[in-house]
Asker: 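Sending over a structure as structure tokens; questions will come in a sec.
Keep in mind that this is a model prediction, so the values were computed, not measured.
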Amino acid sequence: MDKADISWMLVSTLLVLMMAVPGLALFYGGLVRSKNVLSVLMQVMGTFVVGLVLWFIYGYSLAFTEGNSFFGGFSRVFFSGMFSPADGKYGMSGSLTEILFASFQATFAGITCALIVGSFAERARFSAVLVFTVIWFTFAYVPIAHMVWFASPTAPGLMNAKGALDFAGGTVVHINAGIAGLVGAYVIGKRVGYGREAMQPHNLPMTMIGASLLWVGWFGFNAGSSLMANEQATLAFFNTMIATAAAVLAWVFTEWAIKGKPSMLGAASGAVAGLVGITPAAGLVGMVGAFVIGIAAGVICVWGVNGLKRILKADDALDVFGVHGVGGIIGALLTGVFNAQALGGPGLKTAAEIGGQVWVQLEGVLLTIVWSGVVAWIAYKIADMVCGLRVPEDVEREGLDITCHGESAYHS
């Protein structure tokens, strides 16, 4: 046991918790119309806590214990075997108590579930969102986490065995959630009045506060993924800072050139795009590589939420795929490039290895897209059959806050 590692990981876990509630909740809440803000806050909190509870019951065990290439086993259900009250002994995971490692990973599971709700915001039934989350968490998040992150000399996860690099969740979190959100936008359909009525964000200061909390919390997300208070954590820490700053500038100047004005929403979106892009790379690339990844994520995600969105013809309300899906893909692929020592990274010894690593990264990206997409589609269909995925049109027009939750965010 290392007290410095435990201290850092306790703080990192709290930082990731802050990313979800309040960070993501406020970020999403400001982006919707005032009649739906509480519904989005509820969906973020609801999906997050469902993810935490399921992680405790069986998710951690199926993701991080020995099994096969896709799932682990049941030896850690309800976190069994991590603490013995008879003798006060704690199970260990490296220099951490296993309870702490599992707690840190619980916040990742919860926030990944919560990210998805931005795609179908303002028209989904709360009960259906919870049903979807249970199914998608079990059959998409858990196996992809196992495939990418579970290392074992005898039975590693599928992509871990191939040498796929994902430091803090480019595939496991962002592409996974982004694809699930995009599928949801297609299945649930466009909002009433989409393309004909104004659907402007109702509170951009709230979105700015949320984005800022996400940025601060992301240091726990990325630097915490070193799982130690060590040199790699400091690399991941600075890379998270510089990539995000670069992405903000890249987004703002791109938007300025295209639309003639730099927007606050663009700056906040650029920060999230940079954070997403650097997530898989944070501790696996050098500082210049992180800077380039941030610029790439900022520029390309502007296209993701504009040009690509028009091509896809989906009402991804809060651009979950355009930022998290696209940014995650950019980060995952560029991790394979800038991991090379020739480009300042700590990994690949020769530039000749870059092509092979990028191919492995692409395999991980494609596997996540297909796996998460198929599971999400099935999960939405089941949720629709069980309790109806979408609220009636009159409910949607009136707003979900009053009709579904019996409360209003603002009173005149």
Side-chain angles (χ1 to χ4, degrees), residues 63 69-71 108-109 111-120 132-133 135-150 157-188 272-273 275-281 293 296-297 300-301 303-305 307-337 357-382:
S69 296
F70 305 99
F71 282 97
F108 279 63
I111 197 171
T112 306
C113 294
L115 284 171
I116 300 169
V117 307
S119 288
F120 47 70
F132 163 81
T133 300
I135 299 167
W136 184 85
F137 168 90
T138 305
F139 297 104
Y141 183 81
V142 167
I144 290 175
H146 182 82
M147 283 187 266
V148 174
W149 280 337
F150 185 69
L158 180 67
M159 293 312 301
N160 190 277
K162 290 176 176 283
L165 301 174
D166 187 354
F167 190 71
T171 50
V172 179
V173 176
H174 297 294
I175 300 173
N176 208 1
I179 290 296
L182 180 62
V183 171
Y186 281 123
V187 172
I188 200 168
V272 176
L275 289 162
V276 171
I278 198 58
T279 292
I293 289 171
I300 297 172
C301 285
W303 170 76
V305 304
L308 179 61
K309 189 174 185 176
R310 284 193 293 271
I311 293 168
L312 294 174
K313 293 183 171 62
D315 181 13
D316 179 356
L318 309 184
D319 294 310
V320 179
F321 180 73
V323 175
H324 293 274
V326 172
I329 291 167
I330 293 164
L333 297 178
L334 291 182
T335 300
V337 176
Q357 186 62 52
V358 171
W359 176 255
V360 172
Q361 298 300 102
L362 180 61
E363 284 187 69
V365 168
L366 295 175
L367 173 65
T368 305
I369 289 172
V370 174
W371 190 294
S372 180
V374 170
V375 170
W377 186 84
I378 295 170
Y380 286 119
K381 291 297 184 181
I382 293 173

Asker: Can you tell me if Asn160 uses its side chain to pair, donor with acceptor, with the backbone of Val148 under 3.5 Å?
Answerer: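 Present.
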Asker: Would you please name every residue forming a ring pair (Phe, Tyr, Trp, His ring centres under 6.0 Å) with Phe150, sequence neighbours left out?
Answerer: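 Applying ring pair (Phe, Tyr, Trp, His ring centres under 6.0 Å) to Phe150 gives His146.
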Asker: For residues 176-185, which residue pairs qualify under side chain to side chain donor-acceptor pair (under 3.5 Å), counting only residues two or more places apart or in two chains?
Answerer: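 For residues 176-185: Asn176-Ser372.
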Asker: When you look at Ile144 and Ile175, which way does the side chain to side chain contact (heavy atoms under 4.5 Å, CB included) test go after all the steps?
Answerer: CA-CA 11 Å; Ile144 290 175; Ile175 300 173; over 6 Å; no
Asker: Can you tell which of Asp316, Ile188, Leu318 makes a side chain to side chain contact (heavy atoms under 4.5 Å, CB included) with Ser119?
Answerer: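 When Asp316, Ile188, Leu318 are each tested with Ser119, the side chain to side chain contact (heavy atoms under 4.5 Å, CB included) holds only for Asp316.
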Asker: Evaluate the ring planes of Tyr380 and Phe132, with Trp represented by its six-membered ring, and classify them as parallel (under 30°), tilted (30 to 60°) or perpendicular (over 60°).
Answerer: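 Tyr380 vs Phe132 ring planes: parallel.
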Asker: I need the minimum non-hydrogen distance between Leu182 and Ala314, along with the two atoms involved.
Answerer: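 Closest heavy-atom pair between Leu182 and Ala314: CD1-CB, 3.9 Å.
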Asker: Once side chain to side chain donor-acceptor pair (under 3.5 Å) is applied, what residue pairs with a partner in residues 318-337 remain, sequence neighbours excluded?
Answerer: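 Side chain to side chain donor-acceptor pair (under 3.5 Å) check on residues 318-337 returns His174-His324, Lys309-Asp319.
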Asker: With a cut-off of 6.0 Å (strictly less than), are more than 12 heavy atoms of other residues, nucleotides or ligands near OH of Tyr186?
Answerer: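 Counting neighbours around OH of Tyr186, more than 12 heavy atoms of other residues, nucleotides or ligands fall under 6.0 Å, so yes.
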Asker: My understanding is that only residues two or more places apart in sequence, or in another chain, count here; which of them pass side-chain contact (heavy atoms from CB on, under 4.5 Å) with Val374?
Answerer: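 For Val374 the side-chain contact (heavy atoms from CB on, under 4.5 Å) partners, ignoring immediate neighbours, are Val370, Ile378.
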Asker: Stepwise, does the side chain to side chain contact (heavy atoms under 4.5 Å, CB included) test hold for Ile116 with Val320?
Answerer: CA-CA 7 Å; Ile116 300 169; Val320 179; 5.8 Å; no
Asker: Please name the pair of heavy atoms, one in Ala177 and one in Leu115, separated by the smallest distance, quoted to 0.1 Å.
Answerer: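 Residues Ala177 and Leu115, closest heavy atoms: CB-CB, 3.9 Å.
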Asker: Any salt bridge (charged side-chain N to carboxylate O under 4.0 Å, His left out) pairs touching residues 322-337, not counting sequence neighbours?
Answerer: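 Listed once each, the pairs would be none.
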Asker: For side chain to side chain contact (heavy atoms under 4.5 Å, CB included), just list the numbers for Val172 and Thr112, CA-CA rounded to whole Å, side-chain angles, deciding distance to a tenth of an Å, and then say yes or no.
Answerer: CA-CA 8 Å; Val172 179; Thr112 306; 5.8 Å; no
Asker: Under the salt bridge (charged side-chain N to carboxylate O under 4.0 Å, His left out) definition, can you give me all pairs with a residue in residues 162-171, not counting sequence neighbours?
Answerer: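 The answer is Lys162-Glu363.
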Asker: For side chain to side chain contact (heavy atoms under 4.5 Å, CB included), just list the numbers for Phe321 and Ile179, CA-CA rounded to whole Å, side-chain angles, deciding distance to a tenth of an Å, and then say yes or no.
Answerer: CA-CA 6 Å; Phe321 180 73; Ile179 290 296; 3.5 Å; yes
Asker: Once side-chain contact (heavy atoms from CB on, under 4.5 Å) is applied, do any residues pair with Ala164, and if so which ones, sequence neighbours excluded?
Answerer: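 For Ala164 the side-chain contact (heavy atoms from CB on, under 4.5 Å) partners, ignoring immediate neighbours, are Met159, Val360, Gln361.
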Asker: Taking side chain as C-beta onward, heavy atoms only, is Val173 less than 4.5 Å from Thr279?
Answerer: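 No, their side chains stay 4.5 Å or more apart.
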Asker: Taking all non-hydrogen atoms of both residues into account, name the closest pair between Ala297 and Ala273 and its distance.
Answerer: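 Here Ala297 and Ala273 meet closest at CB-O, 3.5 Å.
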Asker: Which heavy atom of Ala332 sits nearest to which heavy atom of Pro280, and what is that distance?
Answerer: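 Scanning both residues completely, I find the closest heavy atoms to be N-CG, 3.6 Å.
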Asker: Could you pull out all residues at least two apart from Asp315 that satisfy side chain to side chain donor-acceptor pair (under 3.5 Å)?
Answerer: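 Side chain to side chain donor-acceptor pair (under 3.5 Å) check on Asp315 returns Arg191.
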Asker: Does the plane of the ring in Phe108 sit parallel, tilted or perpendicular to the ring in Trp149? Use 30° and 60° as the thresholds.
Answerer: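 Correct class here is perpendicular.
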Asker: Salt bridge (charged side-chain N to carboxylate O under 4.0 Å, His left out): which pairs involve residues 368-379, sequence neighbours left out?
Answerer: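 Output for this query is empty, none listed.
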